[in-house]
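Okay, structure first, notes after.
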Amino acid sequence: MPRYTVHVRGEWLAVPCQSGASTVGWLGKEAVRRYMKNKPDNGGFALVEEVKFYVRRCKGLGLLDLEDTVEDALEDNEFVEVVIEGDIMSPDFIPSQPEGVHLYSKYREPEQYIFLDGNSLTTEDLVSLGKGLYKIKLTPEAEAKVSESREVIERIIKEQTVVYGITTGFGKFARTVIPNSKLRELQVNLVRSHSAGVGKPLSPERSRMLLALRINVLAKGYSGISLETLQQVIEAFNASCLPYIPEKGTVGASGDLAPLSHLALGLIGEGKMWSPKSGWADAKYVLEAHGLRPITLKPKEGLALINGTQMITSLGCEAVERAGAIARQADIIAALTLEVLKGTTRAFDTDIHAVRPHRGQAEVAFRFRSLLDSDHHPSEIAESHRFCDRVQDAYTMRCCPQREGAGFCACRLCRYLSCKLNFHSYSCLNFSLKMVFAERAETISGGNFHGEYPAKALDYLAIGVHELAAISERRIERLCNPSLSELPAFLVTEGGLNSGFMIAHCTAAALVSENKALCHPSSVDSLSTSAATEDHVSMGGWAARKALRVIEHVEQVLAIELLAACQGIEFLRPLRTTTPLEKVYDLVRSVVRPWIKDRFMAPDIEAAHRLLVEQQASVWEVAEPYIEKYRREHIPESRPISPTAFSLELLDHMGVGHDHRHQDEL
């Protein structure tokens with residue numbers, strides 16, 4: 001007998017169907033009848049026949065024909081939604097799909113696996129797991145370590161030893177001993193009471209990253225979780241069953257307690273959960289639809305699931321990846337602007353940057369040379385002003401290596417920290433406060449849950465990457481200002497009748513101004529919590545969230561500059577720029593046509609933004625072959641420049657060693 005889970009006005013109802021020949025309209029009417037039956041006032045309806053509704057899939061939101069049979073239109077146990085005509089959605093209603101639903105209607109279950117051992121996960125791997133490109137398996141070594149760790153916990157319970165978080169309460173209640181008969185209840189109560197976050201739920205990608213990173217931590221074998229429970233967590237990940245995790249509520253010590261508790265809450269079958277098959281629904285229904293059972297927590301396992309900084313670090317890994325991508329493309333966009341403004345390449349001379357051996361500065365200067373070298377890529381635009389009387393350019397062009405190089409170094413330093421921390425117990429591995437050492441048959445309370453390291457790194461990342469937008473906005477001003485660019489005002493003909501890029505520049509200025517406030521470090525703040533037991537916290541959750549917001553603003557400002565630079569090219573035709581920059585221009589023109597007269601600009605900005613954030617057909621993908629070809633031809637035996645004294649001092653300050661094995665990573 002087929003059965004369907006139907007959503008009606010915030011209620012989830014299991015509706016069995018006697019026959020596959022029943023219609024979708026019958027299914028909707030039966031769901032409404034059951035909804036009315038459960039309401040004292042019949043839900044405000046007199047008769048079910050009076051209710052007008054339509055039915056749609058939760059996955060993809062596709063509307064269903066009421067006359068189709070359920071056998072033809074639906075899969076067994078599919079999730080559907082009955083929408084009653086005239087209803088207005090409550091502002092606190094959890095929608096059946098998160099933002100970006102169109103991406104998930106195309107979701108395909110991955111076939112490949114990433115093997116986790118707690119030591120070798122990279123930021124690239126984590127982002128790929130977030131995108132749903134891989135499933136997870138544990139290595140045999142990780143399975144053995146997890147099992148050995150659990151044996152220590154079982155021995156503690158059997159011997160009735162008093163150990164914090166296993167046989168006692170938490171925080172202020174650490175001296176309250178819990179009887180063995182209530183140890184399981186203790187763990188469930190912990191998860192329920194700590195699920196106190198607020199705000200929008202994390203997107204499916206970020207929830208996957210958070211869950212994958214928590215699995216990676218547990219795979220180390222220091223938490224005391226059982227292998228059976230950990231395998232259930234992995235099964236939920238592989239089925240893309242993702243709990244409702246509010247984005248706000250963590251202070252970053254004792255770990256990200258509220259977000260990770262919401263994660264655990266869904267895994268035990270409570271609260272809300274999302275999957276591509278179901279959309280948002282009660283967790284127990286989503287798990288059941290995927291053939292999974294809610295986790296039954298054993299002693300210590302609630303604590304094992306919620307104690308760590310995986311919220312900070314998973315968002316931080318996304319920030320590092322996106323910051324690195326936009327930093328690379330910022331150089332290409334700046335080079336295009338320099339061409340339009342008829343600047344000189346003399347400021348990027350190799351010898352200038354060898355005198356000041358900052359890795360980021362040298363790399364940015366090299367990229368400018370690879371894109372603008374007239375001997376390698378002849379430019380008719382550059383040739384047109386070869387003998388002009390201009391001596392030097394403004395800082396926004398001349399000092400790109402020095403300023404954008406700082407953003408480059410910030411990205412590389414954060415990437416270094418994320419890699420380094422995969423081998424220590426600071427960030428990517430943040431274990432619970434009660435660590436289990438199987439080789440010593442001992443548990444020890446510590447502070448590796450504290451988020452100070454990633455919080456500091458992400459605050460620095462936001463400051464460094466913000467500079468890319470700050471300097472970009474100034475270049476947009478130069479492009480739009482006829483007294484500085486020698487181009488039509490606001491890059492449009494018939495100025496006055498048309499406003500061109502006037503307000504696009506205002507948008508860039510607004511985003512840069514907003515970033516200035518967001519760049520204030522969150523990690524310099526602390527508020528005492530848990531009755532002064534947790535009296536110094538990292539505020540790393542906000543550091544991660546605002547770093548991502550800063551990076552998004554940077555991407556949008558650079559998208560506006562990219563559009564403005566390409567529009568500037570139109571006024572220099574028929575002259576052509578270098579081959580790689582012409583390829584970038586062609587890419588932009590494949591999605592945004594030239595600005596002949598005023599039109600709705602926001603879609604153009606969004607289209608350019610996508611060119612900067614999508615992996616396929618991105619600005620970097622177009623330009624990179626030319627950059628790397630130039631590298632091979634001009635510096636075939638080049639070696640990375642050593643890390644700067646500044647970077648080494650910063651690493652020392654943050655408590656991270658800088659042995660020679662890792663210097664090249666900077």
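Heavy atoms only: backbone and side chains are in, while hydrogens, waters and symmetry mates are out. Fair warning: this is a prediction, and the values are worked out from it, not measured in the lab.
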From [atom1] ([X]) to [atom2] ([Y]), nearest 0.5 Å:
X: Leu265; Y: Ile268; atom1: CG; atom2: CD1; value: 5.0 Å
X: Gln187; Y: Ile295; atom1: CD; atom2: CD1; value: 12.5 Å
X: Leu562; Y: Leu612; atom1: CG; atom2: CG; value: 6.0 Å
X: Lys37; Y: Asn42; atom1: NZ; atom2: CG; value: 11.5 Å
X: Lys546; Y: Glu514; atom1: NZ; atom2: CD; value: 12.5 Å
X: Ile306; Y: Ser195; atom1: CD1; atom2: OG; value: 8.0 Å

Would [X] and [Y] pass as an ion pair if we require N to O under 4.0 Å?
X: Glu228; Y: Lys298; value: yes
X: Asp282; Y: Lys272; value: yes
X: Glu301; Y: Arg184; value: no
X: Lys158; Y: Glu154; value: no
X: Glu552; Y: Arg549; value: no
X: Glu247; Y: Lys200; value: no
X: Arg599; Y: Asp604; value: yes
X: Glu30; Y: Arg34; value: yes
X: Glu11; Y: Lys39; value: yes

Do [X] and [Y] touch side chain to side chain, with heavy atoms closer than 4.5 Å?
X: Leu305; Y: Leu297; value: yes
X: Leu74; Y: Leu27; value: yes
X: Glu555; Y: Ile326; value: yes
X: Leu292; Y: Val286; value: no
X: Val80; Y: Val24; value: no
X: Glu235; Y: His290; value: no
X: Val233; Y: Leu211; value: yes
X: His553; Y: Leu518; value: yes

For [X], is the [atom1] atom crowded, meaning more than 12 foreign heavy atoms sit under 6.0 Å from it?
X: Glu49; atom1: CD; result: yes
X: Arg589; atom1: CZ; result: yes
X: Lys284; atom1: NZ; result: no
X: Glu75; atom1: CD; result: no

From CA spacing to verdict: side-chain contact (heavy atoms from CB on, under 4.5 Å), Leu202, Met311: CA-CA 10 Å; Leu202 296 182; Met311 170 82 158; 3.9 Å; yes

Checking [Y] against [X]: is there a side-chain donor and acceptor pair closer than 3.5 Å?
X: Arg208; Y: Ser240; answer: yes
X: His609; Y: Gln556; answer: no
X: Asp256; Y: Thr250; answer: yes

What heavy-atom pair brings [X] and [Y] nearest, and what distance separates the two atoms?
X: Phe79; Y: Ala289; result: CE1-CB, 3.3 Å
X: Leu242; Y: Trp280; result: O-CZ3, 4.1 Å
X: Ser261; Y: His194; result: OG-CB, 2.9 Å
X: Ser19; Y: Val70; result: O-CG2, 4.0 Å
X: Phe170; Y: Tyr164; result: CA-OH, 3.4 Å
X: Leu287; Y: Cys241; result: CD2-CB, 4.3 Å

Derivation and outcome, side-chain contact (heavy atoms from CB on, under 4.5 Å), residues Phe237 and Leu129: CA-CA 10 Å; Phe237 176 89; Leu129 287 166; 4.0 Å; yes

Please answer whether the main-chain N or O of [Y] pairs with a side-chain N or O of [X] as donor and acceptor at a distance below 3.5 Å.
X: Thr167; Y: Val163; answer: yes
X: Asp76; Y: Arg3; answer: yes
X: Thr313; Y: Gln310; answer: no
X: Gln329; Y: Trp620; answer: yes
X: Gln232; Y: Arg293; answer: yes
X: Ser207; Y: Ser203; answer: yes

For Ser314, the option from Thr123, Leu213, Asn216 that meets side chain to side chain contact (heavy atoms under 4.5 Å, CB included):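 Exactly one option meets the side chain to side chain contact (heavy atoms under 4.5 Å, CB included) with Ser314, and it is Leu213.
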
Evaluate Met273 against Tyr285 for side-chain contact (heavy atoms from CB on, under 4.5 Å), listing each step before the verdict. CA-CA 9 Å; Met273 185 174 267; Tyr285 290 138; over 6 Å; no

Go through Val436 and Arg150 one step at a time and tell me if the side-chain contact (heavy atoms from CB on, under 4.5 Å) criterion holds. CA-CA 8 Å; Val436 182; Arg150 184 62 197 178; over 6 Å; no

